[in-house]
Each structure stands twice: as C-alpha cells, then as structure tokens.
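Computed from a predicted model, the values in this text were never measured in an experiment. Values below: all heavy atoms of this structure, side chains included; hydrogens, waters and symmetry mates excluded.
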Amino acid sequence: MKKLLGRIICLVFVSFFSLFALVAQDQVPVGQGFYQEFQTISDSQKRFDFFFNTSNRYNQNSGFDWLDSVNVYLNDAEKEKDSIAINHYKTLQAQIYYDLGDYDKSLAISKELYEIKQNWSIDAQAILLNLMDQTYSQLELYNQQIEIRKEKKELGITEDVAFYDIYSNLGLHRQAMQDYILSEQKKIEETDYFAKAIFDNNVGDYLRLDKSYPTALNRYNKASSWINLYLNDVTKTKTDKSRVESEKLIAIIQGNIGKCYTLLHQYEEAIPYLEKSIDGIKALSKDQFSSDLIENRLTIAECYLNLGNYEKATDYLSNNLNPIKSENILKKDRLFASYYARTNDYKNEALYLKRIIRLRDSISANKTEIRDQQRATLIAEDQAYTKSKIEEQNQALEQSREDMVDQENRIQLVFISLIFTLLGFAGLVYAYLKSIKNQRLIAEQKHIIENALVEKDSLLKEIHHRVKNNLQMVSSLLSLQTKNTRSKAAIEALEEGKSRVKAMALIHQKLYQNEDLSVIEMQGYIESLINSVQSVYKKGGHNINITVDAEGVELDIDRAIPFGLILNELVSNSFKYAFPNNEDDGKIYIHLRKVAEQKGFFEYTDNGVGLPDDTDDRANSSMGIRLMNRLVNQLQSTLNIDKTSEGVRFWFNFK
C-alpha cells in the first residue's frame with residue numbers, strides 16, 4: 001500500500017513538472033532572428049565573428065537596428081578604454097554603413113582603422129582590406145583600390161592581383177572579360193556548379209556591358225542552369241549560408257536576364273524576370289542598399305514606360321528609389337523626362353532635361369580626364385605586375401640554374417675522387433660524363449627548335465593579321481564604291497561582296513587571336529559573324545531569336561572559310577527576305593557538330609516566309625545559291641534544301 005502511494009505521489013510530481021516545463025516552453029520567444037542572437041552575446045570578439053559569419057543577417061532587422069546596437073556597444077567600449085573592442089565595433093560600423101550604401105562614412109572609418117591594423121590578426125586585416133577594396137570600387141577610386149589589392153597580395157590574403165573588374169569599370173569590358181576568363185576558368189573544378197554559375201554570370205556581365213546582348217543572354221541562361229543544378233544536387237550538403245548565397249545569385253541572374261531582354265527591346269519578356277529579381281533581393285536584405293535592386297527597378301520602369309503603363313512605371317521610379325551612382329541618377333532623370341514628354345507635361349519634362357544636362361556636364365567636366373589617368377595608372381600597374389611576375393620567374397630559374405651548377409660541381413668532385421680512388425670505374429665515369437654532354441646538346445637543340453616554333457607562330461599570326469587588314473581595306477573600298485553608285489542593284493551587290501569579305505576577314509582575325517593557329521573555335525566565330533551581319537542589316541535582325549549550337553567544334557582554315565561564306569549568305573538572306581514584317585517571334589537555329597574525327601554535320605533553319613515556289617528554277621540564276629553550292633562542293637558535300645511548313649531548312653554533311 002505504501003509503495004502504491006509512493007508511485008502515485010511520484011506520478012503527480014512528474015506530471016506537475018512536465019506541465020510546468022510546457023508552460024515555460026511557451027514563454028520562450030519563437031522565431032528569434034540573428035539580430036536578437038547577436039544581442040545575447042557578451043564578448044566583442046564573438047560578436048565580431050558572429051556578424052561576419054552570418055550572410056543573411058538583415059533577414060528580420062534592418063541595418064539601422066544593427067547600427068544602433070553597435071553604437072551602444074562602441075560607447076561602452078570607449079568608456080572602458082577597451083581598444084580591442086573599439087576596433088571590433090568600428091569595423092562593424094564601417095561594414096554596416098557600406099551595406100546601407102553610405103560609402104563615404106564607411107571609408108572614413110575604414111581609413112582610421114587602416115592606420116592601426118598592424119597588430120591585428122590576418123583574418124581581421126582581411127575583412128578590413130576587403131571592405132576597403134569594395135568601397136573604393138563603389139566610389140570609383142581605382143588607384144587606391146589597386147594599392148589595397150597589392151597589399152592583400154603581400155599579406156597572403158590573395159594569391160594573385162587581378163584587375164579585370166577595374167578594367168570593366170573603366171569601360172574596357174572586352175579586355176576585362178579576356179583577363180577574367182584567362183585567370184578564373186582554370187581554377188573551377190568540373191563538378192563545382194556554383195562556381196560555374198558565378199563564372200558564367202560574370203562573363204555575361206562583361207558581354208552585356210560590351211553590348212553583345214544575345215551572347216550575354218546565353219551566358220546568363222547557362223549560369224541559371226548551373227545554379228539550379230547545384231541546388232538539385234543531393235550528393236552535396238548545403239549550409240544555410242550557401243543556400244542564402246545561392247538565392248542571392250539566382251535573384252541577380254534573373255535581373256541580368258531581364259536587363260538583356262530590355263536592351264533587346266523585348267519588354268514583356270523582361271518584366272517577369274525583373275519582378276522575380278526585385279522580390280528575391282528584397283526578401284534577402286531588409287532595407288540594405290543594393291545596386292542590383294536600384295538597376296532592376298530602373299530597368300522595369302523603362303519596360304513599363306515603353307509599354308505605355310505609366311502608373312506602374314512611376315510606381316517603380318518614385319517608391320524610395322535613391323540611386324547613388326551617377327549613371328543610375330541620369331537614367332532615373334531620363335525616364336522621368338520621357339514620362340512627362342509622353343504625358344504632355346512639358347514643363348516638368350524641361351525641368352528634368354535641365355537636371356540631366358547639369359549633371360552630365362558636371363560629370364563630363366572631370367570624369368574623362370580622371371578616367372584617362374586611371375586607365376594609364378591601371379595599365380602601368382598591370383605592366384609592372386606582369387614584369388614583377390616575370391622577374392620572379394627569372395629569379396627562380398636563375399636560382400635553379402645555380403643549384404644545378406653547384407650540384408654538377410659536387411658531382412664532378414665526387415667523380416674526381418672516385419677516379420683517384422677507384423680506377424676500375426674510370427670507364428663508367430667517362431661514359432656517364434659523355435651522356436651528360438649528350439643530354440645538354442639535346443637540350444640546346446630542343447631549345448633552338450622551340451624558339452623556331454615560337455618565331456613561326458609569330459610570323460603566322462602576323463600574316464593572318466595583315467591578311468585581315470587587307471580584307472578590311474577591300475571592304476572599305478567597296479563601301480566607298482557604294483557611296484559613288486546610284487544603281488540599287490549595284491549597291492546591293494557591293495554590300496553582299498563587302499559582307500563576304502568581312503566573313504573571310506573574321507576568319508583571319510580569329511586565327512591570329514587564337515593560341516592554336518591551325519583551327520578556329522566555331523561557336524565564338526559564328527556569334528561574331530552574326531553580330532557583323534546584324535551591323536550591316538540594321539533594319540532587321542534585332543528582334544530575331546538566334547540560337548547557335550556549335551560548342552566545342554573546331555575547324556581548320558580550309559573548311560572554316562567556305563563555311564563562313566555559306567553562313568554569311570544564309571544569315572543575310574534571312575535578315576533580308578525571311579522576316580519582311582520584322583516579326584518579334586522570328587527564330588534562327590544554327591547547328592554544327594562533329595559526327596566523327598574528320599566528318600561533321602551542319603544545319604540552318606528559320607521560321608520565316610520560306611522560299612518561293614520557283615526556287616528550283618532560280619537556283620541556276622541566283623548568285624547566292626550558286627555560290628553556296630560551290631562552297632559546299634569545296635567541303636566535298638552537297639547542299640540540301642527542305643521547304644517546311646514554317647520557314648526553310650538548309651543542311652549538309654561535310655568532311
């Protein structure tokens with residue numbers, strides 16, 4: 001009976017404490033964010049580490065909330081004269097001001113910390129120098145940015161000094177892309193889909209800024225595919241930080257795709273991408289300044305303005321849109337001026353036009369000279385860095401030679417001692433020394449041969465360069481002849497001839513730009529050829545969706561020249577005849593692949609009006625078709641033409 005009573009009492013106590021625990025659990029705040037967690041930390045070093053290791057720190061509280069708390073902690077540290085804590089909180093201040101878009105304040109605090117950073121840990125110095133690097137970039141102070149990057153290299157924070165983003169900021173987008181690809185592509189592992197997404201997105205940025213919009217759009221679509229592949233890869237564990245970075249990258253890529261469609265005047269296609277990008281960036285940064293967000297809002301306002309939806313356009317332009325960069329401020333004023341012009345409010349239009357002129361004049365007064373100075377400084381630094389790399393390599397080579405000489409001297413001493421002590425091995429020593437001499441002779445001959453090959457490559461590149469220049473001169477002569485000719489038929493014939501000459505010149509240009517002078521990479525050549533043809537036929541081609549599928553295909557010059565002329569004829573004909581009404585849904589598909597080692601397949605289709613019914617009768621009289629048949633014969637093949645229900649298809653196999 002007593003045991004039973006004891007069990008009942010124990011059960012009552014257990015039930016009571018369980019109920020108390022549940023009630024207490026209900027009192028614990030739910031959904032505690034990073035900001036609240038940051039406030040529970042007492043040590044300045046731990047707060048510092050927590051802040052910089054939290055990528056989505058503004059998920060629930062804005063930067064202003066964080067700044068208020070950091071200011072309180074900084075005041076307490078100053079009262080206690082805790083220099084370490086003061087440095088921690090000032091670094092947090094500088095980062096928060098940067099995140100809020102107040103770059104001047106951020107830089108002022110960073111400069112103060114820069115003077116006393118010598119005794120900091122390398123990780124803390126890396127955070128400060130990376131922040132100053134980004135801030136100088138935003139303020140367009142590229143000379144100072146270069147100095148910071150050199151210091152990062154000296155401290156071992158970065159392995160190399162890269163200048164491609166600065167080249168792009170100074171308007172040298174093509175140079176930036178070439179340096180970026182050369183520097184970064186080799187570092188990406190085959191299965192690192194996230195790094196591939198970042199790489200293709202950055203290359204797309206350089207192409208878009210260089211006005212190669214269709215090619216940039218292809219790169220952005222590739223980047224989107226890579227990031228989706230990364231997120232769907234169940235074999236790799238994703239941390240919260242990596243997921244947040246992936247969501248940010250997706251939002252940025254969507255915005256870039258929307259910008260490309262806008263630049264191609266495909267406004268309805270651009271709007272969904274821009275809206276998703278804006279929503280994604282807002283969700284990931286509460287009140288945090290984002291240059292991407294500003295640019296996307298300006299771009300979507302431009303789309304709605306061109307589509308006649310003025311209410312939506314002004315909503316995006318007016319709702320707390322405070323651009324910092326001068327080009328974004330100019331774009332905002334231009335959009336407002338365009339809006340007032342379309343709504344017949346000429347007074348406000350004149351006001352914004354005056355603002356644009358005033359701002360543009362203030363920018364152009366010093367910016368051109370400053371940019372020229374910055375470019376000169378950058379080129380000088382780049383050359384100096386390249387020279388220093390060469391000197392380092394030469395020093396390493398010289399040291400290696402000295403080591404080899406020392407080693408050889410030691411070996412000779414050993415052999416001499418062996419000769420005097422072990423005469424029986426004299427023949428062996430003699431044979432060994434003779435073999436070393438032969439190896440040196442072989443090495444010298446190999447060096448001579450390698451130099452001859454380098455000289456041969458240089459001469460070949462020079463020949464291709466001169467051939468390209470001569471062909472360009474022919475093209476210029478044809479252009480002059482066009483201006484002095486009144487016959488419409490003659491002008492068209494001269495323009496066609498000029499287009500064909502350009503196609504051949506492009507082959508030689510690609511060859512002397514290539515490291516391998518024997519082959520041409522066809523994907524880049526076809527894209528460049530299409531851009532060249534588009535520049536000739538300015539009235540059409542800009543609304544046509546062109547898809548090129550020739551990745552990884554390389555051809556020698558004997559096959560590339562006839563192939564380029566064939567493609568020039570096909571694309572020119574599509575632009576001239578296939579889409580007479582400049583339809584928005586026009587499509588061209590170019591497919592080139594290798595079937596075997598020496599065999600290939602080519603296919604060209606468009607969804608235009610197709611060929612006329614008497615095409616077979618015209619084949620013998622048409623210059624274009626006769627030219628294509630002869631060129632295809634050079635490729636040891638036959639041109640096939642299929643009339644489809646929508647458009648036309650040309651195809652052939654070639655050797």
Run the side chain to side chain contact (heavy atoms under 4.5 Å, CB included) test on Leu529 and Val571 for me, step by step, so that the C-alpha distance in whole Å, both residues' side-chain angles and the decisive distance to 0.1 Å come before the verdict. CA-CA 9 Å; Leu529 179 61; Val571 176; 6.0 Å; no
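- Thr262 contributes no side-chain N or O that, together with a main-chain N or O of Tyr267, makes up a donor-acceptor pair within less than 3.5 Å.
- With hydrogens and angles ignored, the 3.5 Å screen pairs a side-chain donor or acceptor of Gln36 with a backbone N or O of Gly33.
- Side chain of Lys238 to main chain of Tyr230: a donor-acceptor pair is present (N/O by atom type, distance under 3.5 Å, no hydrogens or angles).
- Judged purely by atom type and a 3.5 angstrom limit, Asn607 uses its side chain to pair as donor or acceptor with the backbone of Lys587.
- Judged by distance alone, the side chains of Arg334 and Ser338 never bring a donor and an acceptor atom under 3.5 Å apart.
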I'd like to know whether Ser574 forms a side-chain hydrogen bond (donor to acceptor under 3.5 Å, both in side chains) with Tyr604, so could you lay out the CA-CA distance, the side-chain angles of the two residues, the decisive distance to 0.1 Å, and finally the verdict. CA-CA 10 Å; Ser574 291; Tyr604 179 97; 2.6 Å; yes
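- With Phe199 as the aromatic partner, Lys187 does not meet the cation-pi criteria of under 6.0 angstrom to the ring centre and within 45 degrees of the ring axis.
- Judged by distance alone, the side chain of Ser225 and the main-chain N or O of Asn221 form a donor-acceptor pair under 3.5 Å.
- In this structure the side chain of Phe38 reaches within 4.5 angstrom of the side chain of Leu92, judged on heavy atoms.
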Step-by-step ring pair (Phe, Tyr, Trp, His ring centres under 6.0 Å) determination, Tyr304 to Tyr310: CA-CA 7 Å; Tyr304 279 120; Tyr310 303 141; over 10 Å; no
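- A distance of 7.0 Å separates CG of Leu100 from CG of Leu67, quoted to the nearest 0.5 Å.
- Interatomic distance, CD1 of Ile271 versus OG1 of Thr299, reported as 11.5 Å (0.5 Å rounding).
- Put simply, the residue from Asp99, Asp240, Asp65 that forms a salt bridge (Lys or Arg N to Asp or Glu O under 4.0 Å) with Arg57 is Asp99.
- For the residue pair Asp233 / Tyr193, no side-chain donor-acceptor distance below 3.5 Å is found, with atom types taken as modelled.
- Between Ala270 and Gly258 the shortest heavy-atom distance is CB-O, 3.2 Å.
- The closest donor-acceptor contact from the side chain of Ser572 to the backbone of Asn568 lies under 3.5 Å.
- Between Pro214 and Ile546 the shortest side-chain heavy-atom distance does not fall below 4.5 Å.
- Between Arg297 and Leu293, the closest side-chain pair of non-hydrogen atoms falls below 4.5 Å.
- Every residue meeting the side-chain hydrogen bond (donor to acceptor under 3.5 Å, both in side chains) condition with Tyr35, not counting sequence neighbours, appears here in chain and number order: Gln39, Ser69.
- The structure places CG of Leu264 at 14.5 Å from NZ of Lys259, a figure rounded to the nearest 0.5 Å.
- To the nearest 0.5 Å, atoms OG (Ser224) and CG (Leu229) are separated by 11.0 Å.
- Looking at Glu295 and Lys331, no side-chain N of the basic residue comes within less than 4.0 Å of a carboxylate O on the acidic one, giving no salt bridge.
- Looking only at atom types and distance, the side chain of Asn344 has a donor-acceptor partner in the side chain of Tyr346 under 3.5 Å away.
- Two residues are said to be in side-chain contact when any heavy atoms from C-beta on lie closer than 4.5 Å; Arg342 and Asn306 meet this criterion.
- Between Asn531 and Glu527, the side chains place no donor N or O within less than 3.5 Å of an acceptor N or O (distance only, hydrogens not considered).
- Heavy atoms of other residues, nucleotides or ligands lying less than 6.0 angstrom from NZ of Lys576 number more than 12.
- Looking only at distances, no side-chain donor or acceptor of Tyr525 sits under 3.5 Å from a matching main-chain atom of Ile520.
- Nearest approach of Ile166 to Ile146, heavy atoms of both residues: CD1-CG1, 3.8 Å.
- Residues Asp606 and Phe575 form no side-chain contact, since every pair of their non-hydrogen atoms from C-beta on lies 4.5 Å or further apart.
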List the steps and the verdict of side chain to side chain contact (heavy atoms under 4.5 Å, CB included) for Val548 and Asn218. CA-CA 9 Å; Val548 180; Asn218 288 337; 5.8 Å; no
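- Environment of NZ in Lys105: sparse, with no more than 12 heavy atoms of neighbouring residues, nucleotides or ligands closer than 6.0 Å.
- Side-chain atoms of Leu139 and Gln144, non-hydrogen and from C-beta on, never get closer than 4.5 Å to each other.
- Taking the six-membered ring where the residue is Trp, Phe336 and Tyr339 present perpendicular rings, their angle passing 60° and hence far from 30°.
- Defined by atom type and a distance below 3.5 Å, a donor-acceptor pair is missing between the side-chain atoms of Asn130 and Gln134.
- For the pair Ile253 and Ile257, the minimum side-chain heavy-atom distance is below 4.5 Å.
- Annotation for Leu335 and Leu298: closest pair CD1-O, 3.4 Å, computed over non-hydrogen atoms.
- When atom types are taken as modelled, the side chain of Asp192 and the backbone of Ile188 share no donor-acceptor pair closer than 3.5 angstrom.
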Stepwise, does the side chain to side chain contact (heavy atoms under 4.5 Å, CB included) test hold for Tyr206 with Arg219? CA-CA 10 Å; Tyr206 296 133; Arg219 282 287 186 173; over 6 Å; no
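- Within the model, atoms CE of Met132 and OG of Ser137 stand 13.5 Å from one another, a figure rounded to the nearest 0.5 Å.
- Looking only at distances, no side-chain donor or acceptor of Ser277 sits under 3.5 Å from a matching main-chain atom of Tyr273.
- Counting all heavy atoms, side chain and backbone alike, Phe194 lies closest to Ser246 at CE1-OG, 3.6 Å.
- Checking side-chain atoms of Asn201 against main-chain N and O of Ala197 turns up no donor-acceptor pair under 3.5 Å.
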Checking side chain to side chain contact (heavy atoms under 4.5 Å, CB included) for the pair Glu349/Leu353: CA distance, chi angles, key distance, verdict? CA-CA 6 Å; Glu349 179 196 6; Leu353 288 175; 4.0 Å; yes
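- Salt-bridge formation is detected for the pair Asp205/Arg208: a Lys NZ or Arg NE/NH1/NH2 atom is positioned less than 4.0 Å from an Asp or Glu carboxylate oxygen.
- Closest of all the heavy-atom pairs between Glu551 and Gln523 is N-OE1, 3.2 Å.
- Rounded to the nearest 0.5 Å, atoms OH (Tyr316) and CG (Leu305) are 14.0 Å apart.
- A pairwise comparison of heavy atoms in Asn296 and Ile278 identifies CB-CG1, 3.8 Å as the closest pair.
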